[in-house]
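Side chains are part of it too, since the values below use all heavy atoms of this structure and drop only hydrogens, waters and symmetry mates. Chain letters run A, B, ... following the sequence lines, proteins first and then strands; every chain starts at 1.
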Number of protein chains: 2
Amino acid sequence: MPAVFPADSVGLVSPQRLAFQQPLALACGRQLDSYELVIETYGQLNSQASNAVLICHALSGHHHAAGYHSVDERKPGWWDSCIGPGKPIDTNKFFVVSLNNLGGCNGSTGPSSLNPATGKPYGADFPVITVEDWVNSQARLADHLGIHQWAAVVGGSLGGMQALQWSISYPERLRHCVCIASAPKLSAQNIAFNEVARQAILSDPDYHEGRFQELGTIPKRGLMLARMVGHITYLSDDAMGEKFGRERKSATHNYDLHSVEFQVESYLRYQGEEFSGRFDANTYLLMTKALDYFDPAAAHEGDLARTLSVAQADFCVLSFTTDWRFSPARSQEIVNALMAAKKNVCYLDIDAPQGHDAFLLPIPRYLQAFSAYMQRIEV
Amino acid sequence: MPAVFPADSVGLVSPQRLAFQQPLALACGRQLDSYELVIETYGQLNSQASNAVLICHALSGHHHAAGYHSVDERKPGWWDSCIGPGKPIDTNKFFVVSLNNLGGCNGSTGPSSLNPATGKPYGADFPVITVEDWVNSQARLADHLGIHQWAAVVGGSLGGMQALQWSISYPERLRHCVCIASAPKLSAQNIAFNEVARQAILSDPDYHEGRFQELGTIPKRGLMLARMVGHITYLSDDAMGEKFGRERKSATHNYDLHSVEFQVESYLRYQGEEFSGRFDANTYLLMTKALDYFDPAAAHEGDLARTLSVAQADFCVLSFTTDWRFSPARSQEIVNALMAAKKNVCYLDIDAPQGHDAFLLPIPRYLQAFSAYMQRIEV
C-alpha cells in the first residue's frame, strides 16, 4: 500500500462514464443504438486541445492504464511504467485519454451489459466488434472531449492495430501513430491459438451458449484454459526458461496424473484461475474475433502500402527481439509498407528477452526510445 | 484402396499380442504384476539375431508403423515412409520391431485395460510410466524375441528420448542409437503446453477423475482441445501459413462468436474431433507426464555428457530447421554432450519447412541422410 504515491505516478485517478446516444453502425451490419464508454484521463488538456494522446488497450486491457484508484490499490494501472510525469507518455506535457473498449468487461457497454431491447444481458448476442468499430467509437469519444486531432494515438499488440487503423480511418485526426509489438494482420498460427482459446470457452458446459450470466454460472474452466494458452504466447521460450526452468514444486515427483510437479505449471494455473475470476468469457471471444478479422490491407488486395498511402501521421514502430506472438518481422511488414508509401517512420527492434509481454514492462532501452520519440512531438 | 500394395511397402501385416508374467518395477514405486504388449514386426530376424531394429513411438503413436492391416486400409502405418524394402529402415536388411508402449491405448496394457485387482478398467489409477520404464519393458520384449543386442534403436520426438535412454540404461544392448527431432529434456515452455493439454482433459466434466470408461462417457472436449494445442506445436508458423494463410471458409465473414471463419480453424477442429474419437484421455495424460519427467541428466546434476559417458552405441542425431517444439538447439545439446563424452555421433540439421511434423514426412534430404546412416550399419 503506497501511503504516498511515487513521484512519477499520476497518483489517485477516477474513471468517468460517458454516454453516447447517437447510433453506431458496425462492420458486422448491426448497430448499437446507444452505448457507454468508461475512460480515465491523466494530465491537462491544453487550450488548443493539441496535446491529447489516446491509449488503445490490448486483449485483456481496460481504461485503468496509470495511477491508483485508491490508496489501498496494490498495483497501479497496466501501463504505469509508460504513463506519468517524466515517463515516455509524459503527463506534464500530454493530456492522456484511456478507455475501456466497446465489448469490454470493465464498465463500457459489452456482453455483460443489459440489452435495452430485451432487458437481459447481451451475452453472446452482443454484436461482434472490429478494430474499425473501436476506432469509430474512439473518434466519437474524441468529439465528445473536444479533441479534433490527437497528438498521438498509441497502443501495443491489439492496441497497436487500433493505432494503425486510426491512421487509415481518420488520417487528419492524428499527428503521430505509435504501434508497439503489433502486426498488420494475424498469421494462421495466431488465429489457431485464438481458436483453441475460443473452443475452450465455447465447449465449457457452463458457457451455455453465452447466456451464463443469466443462469448464474461462469465458464471458469474455459476461461482458465484460454488464458493459459494465451500466457504461453506472451512469454518467450527463454523468458519462461529463465523464470522457471524445470524447477520442481517439491523435491520428489508425485507420479500421478493431476498434481503440479513443476513451478511453471503452478504459475500457469494461478494465472488462469485469477483471470477466470475477473474477465468475461464473451468479451474474451469478441477480442479474439477482433484480432482475427483485423486485416486493413484486404481492402486493397493485400497491398498494405496502398492501404497506408492515405495516412498523414508520422509513425513510430517498436518490436521486441524475442516476441514470437507478433515477431519483429511482423512489425517490419508495417515499416516496409510505410516506407513504400513514403511515410515518415521510426523503427526500433528492442533487444529484450521477455517476449510479447515486453511492451508492458519497464525495460530501460524501450522506455528510452519511446520517450525520445514522444519528446519530439510538438503540442 | 490399394488392390496391390506399393512395391516398397512391407505389405499386409498383423499385430501380435505378447503376455509378460514377470512383475515390472516402475520408477513411480509401483509395479505391474503382469502386462501385455502389442507388437508388429517387418522383415526377417537373421540367424545371429544381429539385424533387429526397435522402433519407439511418440506421444500418439502405436505399434502399426508400416504396411497395411487389410487391403481396405486407406493409410499405411505411421512411419511407412521410413520403413520398407529400400527405405531408410530397409526391411530387406533389418528385422524391425514396433510396439505399442505400456500405458498406450492401442492394445498394450494401459488405462483402458482391466485392473486384475479390481476387475474394472485402471483409468487414472494406471501407474505413471516413465521413459525408463518403457525402455525396461522393451528390454523384456527383446529377451522374449531372442534379441540380445539391437542393431539400432530408433525414434522421433518422445521416441527419440526412448532411444537415448536405451543407450544409458542398456549400453551393451544396442549398436546404434538414432534420435530424431528430440530433446534431452523438456523446456519450461514444453511443460507449459503439456499442462494446458492436461488441464483441458482434467477439467472436462466428462473426465470423472479418470473413471469415464466405467461411466460410459468420453472427455471429448478436453481431448479435442489437447490435440488442437498439440497440433499447433507440431507445425511451423511458416508451414501453417503456407497451408492455410488467412484463407476463409466462405467469401464473407459470419460475424458471430462460434462460426469457423478461416480454414485453419476448420482444420484444427477436424484434427481435434478425429483424435478425440480414437485416443484415450488417460493415455494422453500419461504420455505428457512421461515427456515432462524425462531428464536423464538429472541423475548427474544436469551433466548430460557424464550421463551419456556409459553409452557404447554410435549415434545419429537429426533435427529440422523449423521445428520449434524440439528445436535444432535441443538436438545440439545432445550432440554436444555426446562429443564431450567422446562418442561417435553423426548430426544433421535438415532444412525443412514443416516444423516438428517433418520427422514423419517423406522429405528427400531426410530420407537420404537417414538411409545413408542405416546402410552403414553392419549386421
Side-chain angles (χ1 to χ4, degrees), chain A residues 26-30 124 127-128 130 185-189 191-193 195-196 198-200 202-205 209-210 221 224-225 228-229 231-232 235-237 240-241 243-247 253 255-258 260-265 267-269 272 282 285-286 289 292-293 295 298 324 327, chain B residues 26-30 124 127-128 130 185-189 191-193 195-196 198-200 202-205 209-210 221 224-225 228-229 231-232 235-237 240-241 243-247 253 255-258 260-265 267-269 272 282 285-286 289 292-293 295 298 324 327:
Chain A
L26 302 169
C28 64
R30 295 168 64 187
V128 165
T130 65
K185 64 185 176 198
L186 294 201
S187 69
Q189 190 189 70
I191 295 172
F193 277 120
E195 173 64 4
V196 171
R198 279 193 294 269
Q199 284 300 317
L202 291 168
S203 73
D204 185 330
E209 295 177 327
R221 288 168 294 220
M224 181 173 161
L225 290 169
M228 287 172 76
V229 172
H231 221 89
I232 298 176
L235 299 181
S236 68
D237 189 10
M240 227 177 215
K243 208 164 173 175
F244 307 107
R246 294 178 51 88
E247 207 181 314
H253 286 313
Y255 291 114
D256 62 39
L257 299 181
H258 52 82
V260 162
E261 298 279 18
F262 298 97
Q263 293 290 0
V264 66
E265 298 172 271
Y267 170 79
L268 274 187
R269 286 194 199 182
N282 285 313
L285 296 173
L286 279 175
K289 281 289 184 185
D292 285 8
Y293 288 139
D295 185 10
W324 64 280
S327 71
Chain B
L26 302 168
C28 65
R30 294 168 63 188
V128 165
T130 65
K185 65 185 175 199
L186 293 202
S187 69
Q189 190 189 70
I191 295 172
F193 277 120
E195 173 63 5
V196 171
R198 279 193 294 267
Q199 284 300 317
L202 292 168
S203 73
D204 185 328
E209 296 179 323
R221 289 167 295 220
M224 181 174 162
L225 290 168
M228 288 171 77
V229 172
H231 222 88
I232 298 175
L235 298 180
S236 68
D237 190 10
M240 229 179 212
K243 206 164 175 176
F244 307 108
R246 294 178 53 88
E247 206 182 315
H253 285 314
Y255 290 116
D256 62 38
L257 299 180
H258 52 81
V260 162
E261 298 279 17
F262 299 97
Q263 293 290 359
V264 65
E265 298 172 272
Y267 170 78
L268 275 187
R269 286 194 199 181
N282 285 315
L285 296 173
L286 279 176
K289 281 290 184 184
D292 286 8
Y293 288 139
D295 185 8
W324 64 279
S327 72

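Of the atoms belonging to B:Asp237, heavy atoms from both backbone and side chain fall under 4.5 Å from chain A. Proximity to chain A (any heavy atom under 4.5 Å) is shown, for B:Leu285, by both the backbone and the side chain. Both the backbone and the side chain of A:Leu257 come within contact range of chain B, judged by heavy atoms closer than 4.5 Å. Using a 4.5 Å cut-off between heavy atoms, A:Leu186 contacts chain B through both its backbone and its side chain. Neither the backbone nor the side chain of B:Leu26 comes within contact range of chain A; no heavy atom of the residue lies under 4.5 Å from a heavy atom of that chain. If you measure heavy-atom distances from A:Arg269 to chain B, the contacts under 4.5 Å come from the side chain alone. For B:Lys243, no part sits under 4.5 Å from any heavy atom of chain A, backbone or side chain. Both the backbone and the side chain of B:Phe193 have a heavy atom closer than 4.5 Å to some heavy atom of chain A. Within the 4.5 angstrom heavy-atom criterion, no atom of A:Ser327 approaches chain B.
Checked against side chain to side chain contact (heavy atoms under 4.5 Å, CB included), B:Ala192 has the following partners two or more places apart in sequence or in another chain: A:Ile232, A:Met240, A:Val264, A:Leu268. Remark: A:Arg198 engages A:Glu195, A:Asp292, B:Glu265 in a salt bridge (Lys or Arg N to Asp or Glu O under 4.0 Å) (not counting sequence neighbours).
The candidate from A:Phe244, A:Phe262, A:Tyr267 with the greatest count of non-hydrogen atom pairs under 4.5 Å with chain B is A:Phe262. Per-residue heavy-atom pair counts under 4.5 Å with chain B were compared for A:His258, A:Arg30, A:His253, and the maximum is reached by A:His253. For chain B, the option among A:Val196, A:Leu202, A:Leu286, A:Asn282 with the highest count of heavy-atom pairs below 4.5 Å is A:Val196. In terms of non-hydrogen atom pairs under 4.5 Å with chain A, the most contact-rich of B:Met228, B:Glu247, B:Gln263 is B:Met228.
In terms of heavy atoms, A:Ala200 sits closest to B:Leu225 at N-CD2, 3.5 Å. Nearest heavy-atom pair across A:Arg246 and B:Ile191 is NH1-CD1, 3.9 Å. Looking at every heavy atom in both residues, B:Pro205 comes nearest to A:Pro205 through CG-CG, 3.6 Å.
A donor-acceptor pair under 3.5 Å is formed between the side chain of A:Tyr293 and the backbone N or O of B:Tyr255.
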